[in-house]
Amino acid sequence: MNFGTSRASAIENLNRFVDQNLFEYSRLRNFDYGPNNRSNISCLSPYITHGIISELEVIKKSLNKFSFSKNEKFIQEVLWRTYWKGWLELRPAVWTDYLNELKKIREEFKDDAGYKKAIEGNTNIESFNEWVNELKENNYLHNHARMWFASIWVFTLELPWQLGAEFFMKHLYDGDAATNTLGWRWVAGIQTQGKNYLASEWNIKKFTNNRFSNIKLNENAPPKTSNKTYAASKLEFSNPQNLEEKNLYIFENNLSFEIGDFKDQKFKKNFFNF
Ligand SMILES: Cc1cc2nc3c(=O)[nH]c(=O)nc-3n(C[C@H](O)[C@H](O)[C@H](O)COP(=O)(O)OP(=O)(O)OC[C@H]3O[C@@H](n4cnc5c(N)ncnc54)[C@H](O)[C@@H]3O)c2cc1C
């Protein structure tokens with residue numbers, strides 16, 4: 001897998017995907033054929049996460065090619081990320097609680113043999129070990145593999161989800177505080193409380209096209225629990241009238257300033273925080 005580091009590469013990948021593979025996306029997207037065959041999905045996430053191309057651009061391009069009904073699944077997936085970002089933005093304590101818990105758990109698990117085996121890809125689950133190596137080599141995993149990986153981590157290897165989320169953030173090129181943290185919470189069963197995602201042998205076998213079989217997993221574990229609930233805060237947005245008196249901060253998730261909302265505005269100072 002090769003993620004070129006320019007907007008031109010992002011646009012080239014988007015065009016190729018829309019022209020050649022979008023047509024079959026909803027039928028084939030759940031299959032993980034391995035790192036040498038990613039034609040059934042877009043692999044646009046590193047570009048979208050860094051703002052190199054926008055969700056709107058991706059959706060518009062897809063709608064230029066096919067009708068909404070033909071594109072619905074793809075558009076839904078693109079907007080999941082937007083939804084998760086908004087969800088976390090309204091509940092910032094989910095992120096700070098995660099960081100505080102992680103600090104404690106990191107200390108507790110620093111010499112844990114099971115944790116070490118997991119992050120070295122040295123468990124007795126072959127598929128899991130392959131995904132660890134794939135993640136380290138390609139900085140990407142298919143969505144279904146992320147779900148299986150997280151589920152095995154939490155319910156079969158019995159490791160804390162916070163350490164798994166940290167491991168993903170360390171290696172993924174598309175690492176995204178909202179989608180990643182909430183994705184791990186969802187698998188564990190604390191995002192949609194009481195509903196966990198359990199990876200199963202038949203599902204992995206089918207959707208890896210028989211690359212992996214006879215995997216022994218805990219397929220009946222109960223969801224994790226948490227006594228914390230998070231209400232949405234009310235955020236007020238007011239756009240200042242005179243931007244020339246304001247500073248602009250640009251973070252690593254907004255790397256295409258030239259196509260952004262503020263491209264024609266003058267600011268007092270621009271700060272880059274990468
Ligand atoms: C535990 C876990 C952790 C994850 N961590 C991240 C992360 O850090 N960053 C990230 O961008 N995605 C994350 N995802 C979501 C998803 O796995 C990736 O967005 C997707 O695999 C990217 O591949 P793609 O670009 O080929 O996706 P495609 O299937 O081609 O989808 C197009 C775009 O839609 C968005 N998208 C697709 N699936 C999802 C989804 N399930 N949730 C939210 N957005 C989605 C992405 O922006 C993606 O680029 C995570 C999922 C799980 C289960």
Side-chain angles (χ1 to χ4, degrees), residues 1-3 9-10 13-18 20-35 37-62 71-88 95 98 128 131-132 134-135 138-155 159-192 195-199 203 207 224 252-253:
M1 296 187 72
N2 182 15
F3 294 105
S9 306
N13 288 357
L14 171 61
N15 290 343
R16 193 179 43 239
F17 172 72
V18 169
Q20 298 172 14
N21 306 109
L22 176 59
F23 181 71
E24 291 276 59
Y25 178 80
S26 66
R27 191 171 70 84
L28 298 180
R29 70 183 189 95
N30 276 326
F31 284 90
D32 179 355
Y33 300 115
N37 182 358
R38 292 282 180 231
S39 59
N40 56 325
I41 43 169
S42 73
C43 291
L44 289 172
S45 52
Y47 303 109
I48 298 176
T49 296
H50 289 98
I52 292 168
I53 44 175
S54 72
E55 284 93 336
L56 190 60
E57 221 175 344
V58 171
I59 291 173
K60 274 188 180 161
K61 183 91 203 175
S62 72
N71 267 325
E72 191 170 356
K73 193 70 216 167
F74 181 66
I75 294 173
Q76 268 174 11
E77 293 305 314
V78 171
L79 293 179
W80 261 115
R81 184 177 163 278
T82 318
Y83 170 75
W84 284 136
K85 282 188 88 68
W87 195 96
L88 189 64
W95 177 246
Y98 159 68
F128 182 89
W131 294 320
V132 170
E134 194 184 322
L135 177 62
N138 297 306
N139 308 93
Y140 176 90
L141 282 181
H142 185 281
N143 181 58
H144 225 158
R146 296 183 200 207
M147 291 161 63
W148 298 322
F149 186 115
S151 181
I152 293 171
W153 179 284
V154 174
F155 298 112
L159 293 166
W161 69 266
Q162 293 88 340
L163 287 178
E166 179 189 43
F167 185 62
F168 267 22
M169 283 303 274
K170 184 169 168 202
H171 293 287
L172 284 172
Y173 278 160
D174 65 28
D176 175 290
T179 310
N180 188 57
T181 314
L182 304 179
W184 276 86
R185 281 171 51 90
W186 175 78
V187 168
I190 55 171
Q191 182 65 19
T192 309
K195 190 177 174 303
N196 52 346
Y197 173 77
L198 288 170
N203 184 267
F207 287 102
K224 298 290 167 192
E252 63 170 33
N253 61 357

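Both counts, for ligands and for their atoms, begin at 1 and track the order of listing. Treat the numbers as computed from the prediction; the structure is a model and nothing was measured.
Classification of the Tyr25-Phe74 ring pair by plane angle, with boundaries at 30° and 60°, yields perpendicular. The aromatic rings of Tyr33 and Phe31 lie parallel to each other, their planes meeting at an angle below 30°, with 60° marking the opposite boundary. A tilted orientation is assigned to the rings of Phe3 and Tyr140, their planes being inclined by 30° to 60°.
The heavy atom nearest to atom 20 (C) of ligand 1, out of those in His142, Arg146, Lys73, is found in Arg146. Scanning Gln76, Met147, Arg81, His144 for the heavy atom closest to atom 44 (N) of ligand 1 points to Arg81. Summarising the contacts of atom 25 (O) of ligand 1 with Ala165, Ser45, Pro46, the nearest heavy atom is found in Ser45. Considering each of Trp80, Tyr140, Tyr173, Tyr25, the one bringing a non-hydrogen atom nearest atom 31 (O) of ligand 1 is Tyr25.
Within the 3.5 Å criterion, the main-chain N or O of Ser62 finds a donor-acceptor partner in the side chain of Asn71. Side-chain atoms of Trp153 come within 3.5 Å of backbone atoms of Pro160 as a donor-acceptor pair (strictly under, hydrogens ignored).
With ring centers used as reference points, Trp95 lies under 6.0 Å from Tyr98.
Ligand-side atoms of ligand 1 in range of Leu44: 25 (O), 49 (O), range being under 4.0 angstrom from any heavy atom. Ligand 1 places these atoms under 4.0 Å from at least one heavy atom of Leu172: 8 (O). Each of the following atoms of ligand 1 lies closer than 4.0 Å to a heavy atom of Trp184: 1 (C). Within the listing of ligand 1, atoms 24 (P), 25 (O), 26 (O), 28 (P), 30 (O), 32 (C) sit less than 4.0 angstrom from a heavy atom of Ser42.
Neither the backbone nor the side chain of Phe17 comes within contact range of ligand 1; no heavy atom lies under 4.0 Å. Counting heavy atoms under 4.0 Å from ligand 1, residue Asn180 touches it through both backbone and side chain.
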